[in-house]
Amino acid sequence: MKQLDEMDRNIQLRSMERGYKVAMLSLCAWTLFNSYQTLANETKYEPLPCLILCLQSFSQIALKQKMVAGDEEYKEPNKLAQTVIAAVVIVAVTLSIGTYFVLKA
């Protein structure tokens, strides 16, 4: 395997970052669609997308804290993008949990 130079590594990291964001937003969309289908059409509730979304979010937070602990040169990434994605994840998880409890009642 050939060694990647700085430009190739940068391209690869950006590609991975965008792929991660698309995967997270897809999981949010899947969770929201599942909640809508459950409430509107009374289909069976599927907790899998919400569980994957929660596990991924928690593992990212834990890894980030471990990696930057004590690093003085660390610079925060784009807060706006993180806030938007976090808001979508929180809404999706909240609706999924709400849907679960509505069906149990």
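Residues take their numbers from the sequence shown, with the count starting at 1. These values consider heavy atoms only, across backbone and side chains, with no hydrogens, waters or symmetry-generated copies.
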Problem - Linked, directly or transitively: F101 and L51 (ILVMFWY side chains, under 4.5 Å) - result: no
Handout entry: Residue pair V93 / T31, side-chain heavy-atom distance below 4.5 Å
Key = no
Exercise for the section: Look only at the side chain of T99 and the backbone of L95, and say whether a donor-acceptor pair between them is shorter than 3.5 Å. Expected result: yes
Practice task
Could you pull out all residues at least two apart from S96 that satisfy side chain to side chain donor-acceptor pair (under 3.5 Å)?
Solution key: Y45
Completion exercise
Hits for side-chain contact (heavy atoms from CB on, under 4.5 Å) against I52, two or more places apart or cross-chain, chain-then-number order -> L27, L48
Problem - Distance in Å, I85 CD1 paired with I90 CD1, rounded so as to fall on 0.5 Å steps - result: 12.0 Å
Problem - Least distance between heavy atoms, V89 atom then M24 atom - result: CG2-CE, 4.2 Å
Handout entry: Separation between SG of C50 and CD1 of I97, rounded to the nearest 0.5 Å
Key = 5.5 Å
Exercise for the section: Using a cut-off of 6.0 Å, state whether more than 12 heavy atoms not belonging to Y20 lie near its atom OH. Expected result: yes
Handout entry: Connected via hydrophobic side-chain network under 4.5 Å: Y100 and W30
Key = yes
Problem - T38 vs K44, side chain to side chain contact (heavy atoms under 4.5 Å, CB included): CA-CA, chis, key distance, verdict - result: CA-CA 6 Å; T38 302; K44 183 181 175 198; over 6 Å; no
